[in-house]
Number of protein chains: 2
Amino acid sequence: MASLEPPNIVVRRLPLYLRALNLLAAEGQKITSSKDLAERLGISSAQIRKDLSHFGEFGKQGTGYEIANLSDQLRRILKLDSEWPVILIGAGDLGRALVHHSALQGRGFRIAGVFDNSPNKIGQRWGELVIQDARDLARFVRHEDIQIGIVAVPQEQAQHVVNALIESGITAILSYAPVAISVPAGIRIEYMDPILHLQRMTYYL
Amino acid sequence: MASLEPPNIVVRRLPLYLRALNLLAAEGQKITSSKDLAERLGISSAQIRKDLSHFGEFGKQGTGYEIANLSDQLRRILKLDSEWPVILIGAGDLGRALVHHSALQGRGFRIAGVFDNSPNKIGQRWGELVIQDARDLARFVRHEDIQIGIVAVPQEQAQHVVNALIESGITAILSYAPVAISVPAGIRIEYMDPILHLQRMTYYL
DNA sequence: TAGATTGTTAATCGATTAACAATC
DNA sequence: TAGATTGTTAATCGATTAACAATC
């Protein structure tokens, strides 16, 4: 039964389930079970059933889950059933990898604009995108009603850029800068820092 | 008092503390407290003290922690006091961003080799590195005694590459491929997937 | 039907927090 | 000394797991 406030830790696992389901679908599977998913993800089947139960009943006793259906449901729950336009700030290597590689396509996001403050970069074409002047950021965000920003600027500029994003109306931020950034309540921020992940493994080597 | 097996969840937070300490040091601070760190990291001061207590006593009542000392201690605990050589597999945009940006320098790691399987890429220079043939990977890993690998290849090749890495002796892997990879017990793997992070925020928008 | 798997409850497990004596 | 902050204990809180009736 869907309760009122699913714990954040549960919400954070849903994208993992969705990713596994996508993979199963790509393999041509139609049906899966909590046991099957659990093995693939390395967690317990009880946890998967419990997690899903916060949002509804998606399975069938004796059979399991229809992959296409569960996938749709998760996308709906995570609000990924339509594409979110995202802006990218920082047209460096990292930004290029994101745009070029285009891993965002098909998973709920689309890069709608790229911004930089370097005169060398502004005006350059990246595929269908033209790098824009960071000073035009707020206007773009408001006009296109963007809610999500990706920050791929040097560490020293990160807090400043985040402030500007929030000022312009952005409410969710993914930062590649390896520093804790302070944001007001109501703004969500996630971090990407490869070093952090590497440093989490060396203890065990 | 240092207990026998600190929980993994505690070990995973240590790099965050280290990062905050680095920042404080860069600001010219000499001393900090669990309260100060807690505010900066958005967690409780009790948690920081409890976490540190798994590894020893690093503070002084009434004063707090000497930043340089605590930083050294954490680096020692995490085995980051000497530089780990790392190999990178996949010389695409993402790989270039990692090498070029060189964010690894000074945080305990150094890219010792870059590998790719494309004839177009092999032989290219990236700064001081020359992209090597992926077939020479095992030899390099053994000869240079590398323990850590970063996988930045297309999704479809990720499992295959990881298998080869493990075969050659790598025991810790950072994967940029957005798929769960299966590894035998004793091998550690961490994932970098920006979409996952974005998908964890949309629920709340 | 018999077998399988769900959704849910209750028990267990583990992590976080509050509180405080020790002490710098 | 008085004030501040540690390290640690015990209490609280929350998450995970085991178990099973329901049922496809």
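Every chain is numbered from 1, with letters handed out A, B, ... down the list of sequences.
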**Q** What pairs meet the side chain to side chain donor-acceptor pair (under 3.5 Å) rule with one or both residues in residues 19-31 of chain A, with sequence neighbours excluded?
**A** R19(A)-D193(B), E27(A)-R40(A)

**Q** Let's test your reading of the pairing rules: Watson-Crick or G-U wobble, both distances under 3.5 Å, then write DNA chain D as a dot-bracket string with ( ), [ ], | and dots.
**A** ..||||||||||||||||||||||

**Q** Going by salt bridge (Lys or Arg N to Asp or Glu O under 4.0 Å), name the pairs with one or both residues in residues 61-78 of chain A, residues two or more places apart or in two chains.
**A**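 Counting only pairs at least two positions apart or across chains, the salt bridge (Lys or Arg N to Asp or Glu O under 4.0 Å) contacts touching residues 61-78 of chain A are D72(A)-R75(A).
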
**Q** My understanding is that only residues two or more places apart in sequence, or in another chain, count here; which of them pass salt bridge (Lys or Arg N to Asp or Glu O under 4.0 Å) with R139(A)?
**A** D136(A)

**Q** Name the pairs: protein N/O against N/O of nucleotides 15-19 of chain D, kept only if under 3.5 Å.
**A**
residue	atom	partner	partner atom	Å
dT16(D)	OP1	R13(A)	NH1	3.0
dT16(D)	OP1	Q47(A)	NE2	3.4
dT16(D)	OP2	R13(A)	NH2	2.9
dT16(D)	OP2	Q47(A)	NE2	3.2
dT16(D)	O5'	Q47(A)	NE2	3.0
dT17(D)	OP2	S44(A)	OG	2.9
dA19(D)	N6	R49(A)	NH2	3.2

**Q** For residues I48(A) and S34(A), report the shortest heavy-atom separation together with the two atoms involved.
**A** CD1-O, 3.8 Å

**Q** By the side chain to side chain donor-acceptor pair (under 3.5 Å) test, which pairs, at least two apart or in different chains, include something from residues 149-159 of chain A?
**A** Q159(A)-N163(A)

**Q** What are the residues of residues 29-39 of chain B, sorted by number, that bring a heavy atom to within less than 4.0 Å of DNA chain D?
**A** S33(B), S34(B)

**Q** Would you mind listing every salt bridge (Lys or Arg N to Asp or Glu O under 4.0 Å) that reaches into residues 166-177 of chain A, with sequence neighbours excluded?
**A**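 Non-adjacent pairs meeting salt bridge (Lys or Arg N to Asp or Glu O under 4.0 Å): zero.
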
**Q** According to the ring pair (Phe, Tyr, Trp, His ring centres under 6.0 Å) rule, which pairs have a member within residues 130-150 of chain B, sequence neighbours left out?
**A**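 Listed once each, the pairs are F115(B)-F140(B).
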
**Q** For Y176(B) versus P194(A), what's the shortest heavy-atom pair and its separation?
**A** OH-CB, 3.3 Å

**Q** Under the salt bridge (Lys or Arg N to Asp or Glu O under 4.0 Å) test, which residues partner R12(A), sequence neighbours left out?
**A** E190(A)

**Q** Using the ring pair (Phe, Tyr, Trp, His ring centres under 6.0 Å) rule, collect all pairs that involve residues 179-205 of chain B, keeping only residues at least two apart or in two chains.
**A** none

**Q** In residues 58-65 of chain A, which ones come under 4.0 Å of DNA chain D, going by heavy atoms?
**A** K60(A), Q61(A), G62(A)

